Amino acid sequence: MSEREIRIEKAQRLREQGIDPYPARFQPERTHTIPNAMEQFETLSENKTTVTLTGRMVSRRDMGKAVFMHIEDGYGKVQVYARRDDIGEEQFAVLKLLDLGDFIAVSGYLFTTKTGEKSLHAHSLSLLTKSLHQLPAKHEGLKDAELRQRKRYLDLIANRDEVMSVFIARTRIISAVREFLDSLNYLEVETPILQPLYGGATAKPFSTHHNALDRDMFLRIAPELYLKRLLVGGFERVYEVARNFRNEGIDRSHNPEFTMLEFYEAYADYTVMMQRVEDLVTFAAQKALGKLQFEWGDVTIDLTKPWRRITLRDAILQYVGIDYDEYPDRESLLNIINKKKIHVDPNRGRGRLIDELKDEMFRAGGIELLQPIILYDFPVDLSPLTKKKPEVPGTVERFQAHLAGMQLATSFSELNDPQDQFDRFEDQAAQRALGDDESQTMDSDYIEALEVGMPPAGGVGIGLDRLVMALTNQQNIREVILFPTMRAIEQQENM
RNA sequence: GCGUGCGUAGCUCAGUGGUAGAGCACACGACUUUUAAUCGUGGUGUCGCGGGUUCAAUCCCCGCCGCACGCACCA
C-alpha cells in the first residue's frame, strides 16, 4: 500500500469518526499568525492566554501519550506540545491519524519547554486539511532542479526560506519600481498583449489565431509601439510592467515569457533616461532590500551612483582593442575581427558584428564588467526605433545598462520623425526579405501616429527578471520566475 | 538547434552483466518536556521510456523523453 493510499484510508477513518478532513470552516478562529504570537510571547504566556494558531504540520515527535510537532503558517513556525490528558482521548486519537503535511488549528497557551523553545501547549486541536502526499525529506530539502520547477509548491515547502525570500524580494522590487515611477507622476497603463502586428523589438513571436475575427494574431514581444502611441495621445509619462513573449531559446537568462518594465517620458532624451535608470534601480534596491551592495557569486556588486558611463566605441576599444570607427564598412571590420581571432558569425552585417564585439567585451572584461555600467551611443544598424545622434553620423542616441554581466536595460531617444521611421521599417523589411526573420515589420498605423506627432521622448526597457536575479544572487532566470516554461511530459495518470 | 553530463524508493544519494541498497520519510509497537527525539520490528521500486546485444541488462549499445551545464540565438 502506497503512502497515498494509507493517507486516503486515514481520511476515510476520520470521516467515519465524524471528522471532515477538508472542513469548510473551523472554530475557534485563528487569533494570531505565528510570528505575531511570538512577538507577544511574554504577555501571552504570563497570562496563559488562549491563542489559536494554524499551520502545516512539518515535523512530529511522538512520545507515547504526548506529541511534539512543529507547525508552519505563511509567516513562521512554532512547536506544538499536545498531551493526551490535555486534549482528551478523542482528539488524541485524531492526532494519531494526522500526518506531516496536514494543516491543523491548535488552541492552547504559550509556554517555554525545558529545553528553552517557545511553544504552544495545546488544549484542543482540529484538522483543517488532510495531505495525501509525503513532504520532501526535511533535511535534504528538494534539490532536483526539474522537480523544483515543475512542482514549485513542493520547492516552496521544502526549501522555504531560500525560495520564498527570492520571490518576496521580487515582489518588493517590483512594488518599489512602481513607487518610484508613480512618484515621478508616471501613469501605469496596460496595452495589448494580443496584437495584430508585433514590434518594438527584434525577436520571433508566438502566433495564434482569433476564430471569431478569423485573423492571425501575435503575443507581444514588447509593448513599445503602443506606449508611444500614448505619448502621441498626450500622456507625458507612462509605464507598463509587461509580460512579453519571445519564441526563442531558453537558457539561464532567457525564459520565453518574461517581465519587462518599459517607461516613456516626453521632453526627455536618453541622457535623462540614464539618470532615471540609475535612480530607479538604486531606489528599488534600497527600498526593497535595504542596501546597495549585492553578492554576485564571489563578487560584490556596488550599485552606488553614479554608474560608470562609457561609449560603446570606447568600451570595445578598451577591452577588445578594436576601434570600430576605424573600420567603417563590414568587410574591414570583419577583417580586423578575424585578425584578432575573435569568433563571430561571418555573415553578420556591420551592426551585428559590433554587437558581437560587445559580447566579446564582457567575456574579456571579466569581473570588472559585472559592476553596473552604462554603454552609450550605438551604431544605427540595430536600432530601428531610435533617434539619430546629430553630432555623430551613423550613431543613435541609445544606451544599455549592464549589471552582473547581463544586459539589464536598453534605452533611447525615441525616433519621432515619421519619414525616418518609415525608412527604417523599409530597411527592416529589406533585411527580412534577405532572410532575417527577426527584423521588424512595417507598422503603418504607428507611422500614422507619428505623423500626428509624438513629442520628443526618452524610453527605457528594463528586464525585471534580470534585475531580480542581480539583486538576489540568482544565476538562473528560472530561480526568479515561479513557474518557468518547461517542456511537456506525459501526465502521470491517477494524479 | 548543437555538444557534454545526468535520470535508481516519497526526498537525498550509493551500487552492480547474475535480478537492488543506505539515511530520512513511512507502517506496527514502547515511551506524558521532545526537537535530525530514542528503542524494537518491517516494507518501500516499471532502476526515465522503447528497442538491441546477452543464457541473463538497472548496468553495455542505439533511439526517444526530460533536466542541468556550455555554445548558438536573444533581453
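Fair warning: this is a prediction, and the values are worked out from it, not measured in the lab. Quick note on labels: first sequence line is chain A, next is B, and so on, each numbered from 1.
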Participant: Can you list, in residue-number order, the parts of residues 87-99 of chain A that come under 4.0 Å of RNA chain B, counting heavy atoms only?
Facilitator: Asp99(A)
Participant: Which atom pairs, donor and acceptor, lie under 3.5 Å between side-chain atoms of residues 49-56 of chain A and protein residues at least two apart or in another chain?
Facilitator:
from, atom 1, to, atom 2, distance (Å)
Thr50(A), OG1, His123(A), NE2, 3.4
Thr52(A), OG1, Ser107(A), OG, 2.7
Thr54(A), OG1, Arg30(A), NH1, 3.4

Participant: Residues in side-chain contact (heavy atoms from CB on, under 4.5 Å) with Ala284(A), at least two apart?
Facilitator: Ile173(A), Ala176(A), Val177(A)
Participant: Would you kindly check if the NZ (Lys) or CZ (Arg) of Arg170(A) is within the cone defined by 45 degrees around the ring axis of Phe167(A) and under 6.0 Å from the six-membered ring centre?
Facilitator: no
Participant: With Pro136(A), which residues qualify under side-chain contact (heavy atoms from CB on, under 4.5 Å), at least two apart?
Facilitator: Leu142(A), Leu154(A), Ala158(A)
Participant: Asp251(A): what forms a side-chain contact (heavy atoms from CB on, under 4.5 Å) with it, not counting sequence neighbours?
Facilitator: Ser253(A), His254(A)
Participant: So what does the secondary structure string of RNA chain B come out as, 5' to 3', with Watson-Crick or wobble pairs under 3.5 angstrom, [ ] for crossing and | for pairs with another strand?
Facilitator: (((((((..((((....[..)))).(((((.......))))).....(((((..]....))))))))))))....
Participant: Contacts to RNA chain B from residues 169-177 of chain A, heavy-atom cutoff under 4.0 Å, which residues?
Facilitator: none
Participant: Taking only residues two or more places apart in sequence, or in another chain, which ones meet Arg252(A) in a side-chain contact (heavy atoms from CB on, under 4.5 Å)?
Facilitator: Gln475(A), Asn476(A)
Participant: Name the pairs: protein N/O against N/O of nucleotides 12-15 of chain B, kept only if under 3.5 Å.
Facilitator:
from, atom 1, to, atom 2, distance (Å)
U12(B), OP1, Lys143(A), N, 2.9
U12(B), OP1, Asp144(A), N, 2.8
U12(B), O2', Glu140(A), OE1, 3.1

Participant: Let me have a per-nucleotide readout for nucleotides 1-9 of chain B, 5' to 3', with B, S or -, counting only protein heavy atoms under 4.0 Å.
Facilitator: ---------
Participant: Give me each pair satisfying salt bridge (charged side-chain N to carboxylate O under 4.0 Å, His left out) with a member in residues 477-486 of chain A, each pair once, sequence neighbours excluded.
Facilitator: Arg148(A)-Glu479(A)
Participant: Do any of residues 49-72 of chain A sit with a heavy atom less than 4.0 Å from RNA chain B, and if so which?
Facilitator: Arg61(A), Asp62(A), Met63(A), Gly64(A), Lys65(A), Ala66(A), Phe68(A), His70(A)
